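Bear in mind that the values here come from a model prediction, so they are computed numbers and not experimental data.
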Amino acid sequence: MTGKQQKIKKVTPEQPQIAQPVNATVGAIPQWAVYAVLALTALVYCKAPFNGITSLDDDDYILRNPFIRDLSWHGIKAIFTSFYSSNYHPLTTLTWLLTWSCFKLNPLPYHLVNVALHLLNTWLVFMFTEKLSGKRPTALIVCLLFAIHPMHVESVAWISELKDVLYTAFYLSALILYLEYLSSGRKYYAGALLMFVASLLSKSAAVTLPVLLVAIDIYKGRKI
């Protein structure tokens, strides 16, 4: 029996070493890896800022839009109290108003705003996925797929699709703040709600956010 006990004592200290290669693999992914993804994304879209103003929707939203010509309290109030071209996205229109006031019809700044927001969204996807999964490799893969997926080209390279990249920025911010609320307390709940409202004011598609919050609750094992 003494010999068997000695063998057991020799085996047990070696057991934790089995998990070390896995932890080493995860730890091998540096913090700056996400910035490499952002650099790659900027390279992919490096020609987008030099696009022009198209005759599809850009003529309505930029060339002939009276709401982006009046940078005054009356003009801003009109943006938030009116529909235009069968749409209501006042924060998107306000962004165009600020851009037009500074650069008029120069298309370069409009496209730069879209590209910058897409880079921001890529970083937010990384933050959200890492916080949700607790795994940096998963977050890196997800944000890379998000960053360079062809489905996003229209939203990034077309001025009129500012509403897509803008509402996504607020949408992802709301998700991150909601995860902070789940882990840290009520003080983040108001922030998540504020980001949700801002997302709605950028594009009505943000109405899907509460459904996703329920999905997060289920994923986290929260009770109804």
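- When each of Tyr84, Tyr61, Phe67 is checked for a ring-ring contact (aromatic ring centres under 6.0 Å, His included) with Trp96, only Tyr61 meets the rule.
- When side chains are defined from C-beta on, Lys220 counts as touching Leu179, because their heavy atoms get closer than 4.5 Å.
- Remark: side-chain polar atoms of His152 are not paired, donor with acceptor, to backbone N or O of Ala147 under 3.5 angstrom.
- Within the 3.5 Å criterion, the main-chain N or O of Ser202 finds a donor-acceptor partner in the side chain of Thr92.
- By the 4.5 Å heavy-atom criterion applied to side chains, Phe126 and Val37 are not counted as neighbours.
- Both Tyr88 and Ile68 are assigned to one and the same hydrophobic cluster, defined by single-linkage of ILVMFWY side chains at heavy-atom distances under 4.5 Å.
- Heavy-atom contacts from other residues, nucleotides or ligands closer than 6.0 Å to CZ of Phe80 number more than 12.
- Trp73 does not carry Lys77 over the face of its six-membered ring by the limits of under 6.0 Å from the centre and within 45° of the normal.
- Taken to the nearest 0.5 Å, the OH atom of Tyr110 stands 6.0 Å off from the CG atom of Leu105.
- In this structure, Asp58 contributes its side chain and Ser160 its backbone to a donor-acceptor pair below 3.5 Å.
- Rounded to the nearest 0.5 angstrom, Cys143 SG and Glu130 CD are separated by 9.5 Å.
- Counting all heavy atoms, side chain and backbone alike, Lys163 lies closest to His89 at CD-CD2, 3.8 Å.
- With hydrogens and angles ignored, the 3.5 Å screen pairs a side-chain donor or acceptor of Asn51 with a backbone N or O of Ala48.
- Arg136 contributes a side-chain N or O that, together with a main-chain N or O of Ile29, makes up a donor-acceptor pair within less than 3.5 Å.
- Nearest heavy atom pair, residue Val165 against residue Ser155, reads CG1-O, 4.0 Å.
- Aromatic rings from Tyr178 and Tyr181 are positioned such that their centres are separated by under 6.0 Å.
- Side-chain contact between Trp100 and Asn106 is absent, with no heavy-atom pair separated by less than 4.5 Å.
- Taking the side chain as every heavy atom from C-beta outward, Phe146 and Thr129 never approach each other to under 4.5 Å.
- Heavy-atom minimum distance, Ala174 versus Phe196: CB-N, 4.0 Å.
- With Trp158 as the fixed residue, the side-chain contact (heavy atoms from CB on, under 4.5 Å) test singles out one of Asn114, Ile53, Thr54: Thr54.
- Taking CG of Leu177 as the reference point, atom OH of Tyr188 lies at 8.0 Å (rounded to 0.5 Å).
- Remark: side-chain polar atoms of Ser199 are not paired, donor with acceptor, to backbone N or O of Met195 under 3.5 angstrom.
- The two residues Ala169 and Leu117 come nearest to each other via the heavy atoms CB-CD2, 4.5 Å.
- Here the straight-line distance linking atom CG of Asn65 with atom CG of Asp60 works out to 8.0 Å at 0.5 Å rounding.
- Contact check for Leu201 versus Leu94: no side-chain heavy atoms found under the 4.5 Å cut-off.
- Linking ILVMFWY residues whenever their side-chain heavy atoms come closer than 4.5 Å, directly or via other members, places Val115 and Leu40 in the same cluster.
- In summary, the side chains of Asp70 and Ser72 do present a donor paired with an acceptor at a separation below 3.5 Å, with no hydrogens or angles considered.
- Considering all non-hydrogen atoms of both residues, Leu119 and Ala42 come closest at CD2-N, 3.9 Å.
- The side-chain heavy atoms of Leu97 and Ser101, taken from C-beta on, include a pair separated by under 4.5 Å.
- At a threshold of 4.5 Å between side-chain heavy atoms, the hydrophobic network of Ile, Leu, Val, Met, Phe, Trp and Tyr places Leu212 and Ile176 in one connected group.
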**Prompt:** Which is it for Tyr45 and His118 under the ring pair (Phe, Tyr, Trp, His ring centres under 6.0 Å) test, yes or no, and what are the steps along the way?
**Reply:** CA-CA 10 Å; Tyr45 285 101; His118 182 60; 5.2 Å; yes
**Asked** So Phe128 and Leu132, side-chain contact (heavy atoms from CB on, under 4.5 Å) or not? Walk me through it.
**Response** CA-CA 6 Å; Phe128 169 68; Leu132 181 66; 3.9 Å; yes
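- Shown here is Lys187, whose NZ atom has no more than 12 heavy atoms of other residues, nucleotides or ligands within 6.0 Å.
- The distance from atom CG of Leu166 to atom OG1 of Thr95, rounded to the nearest 0.5 Å, is 5.0 Å.
- Under the 4.5 Å side-chain heavy-atom criterion for grouping Ile, Leu, Val, Met, Phe, Trp and Tyr, Val197 is connected to Ile76 within one hydrophobic cluster.
- For Pro109 against Thr99, the heavy-atom pair with the smallest separation is CB-CG2, 4.0 Å.
- Grouping the Ile, Leu, Val, Met, Phe, Trp and Tyr side chains by contacts below 4.5 angstrom, directly or via other members, places Val113 apart from Leu108.
- To the nearest 0.5 angstrom, Tyr171 atom OH is 6.0 Å from Leu175 atom CG.
- A salt bridge between Lys131 and Glu180 is present, with a side-chain N of the basic residue lying under 4.0 Å from a carboxylate O of the acidic one.
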**Request:** Decide side-chain contact (heavy atoms from CB on, under 4.5 Å) for Ile216 and Leu182; before the verdict, give the C-alpha distance in whole Å, the side-chain angles of both, and the deciding distance to 0.1 Å.
**Result:** CA-CA 10 Å; Ile216 291 175; Leu182 294 182; 4.0 Å; yes
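- No donor-acceptor pair under 3.5 Å is formed between the side chain of Ser204 and the backbone N or O of Leu200.
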**Message:** Go through it in stages, so that I can follow the logic: the residues are Val125 and Thr122, the test is side-chain contact (heavy atoms from CB on, under 4.5 Å), and I'd like the CA-CA distance, side-chain angles, deciding distance and then a yes or no.
**Reply:** CA-CA 5 Å; Val125 166; Thr122 299; 5.7 Å; no
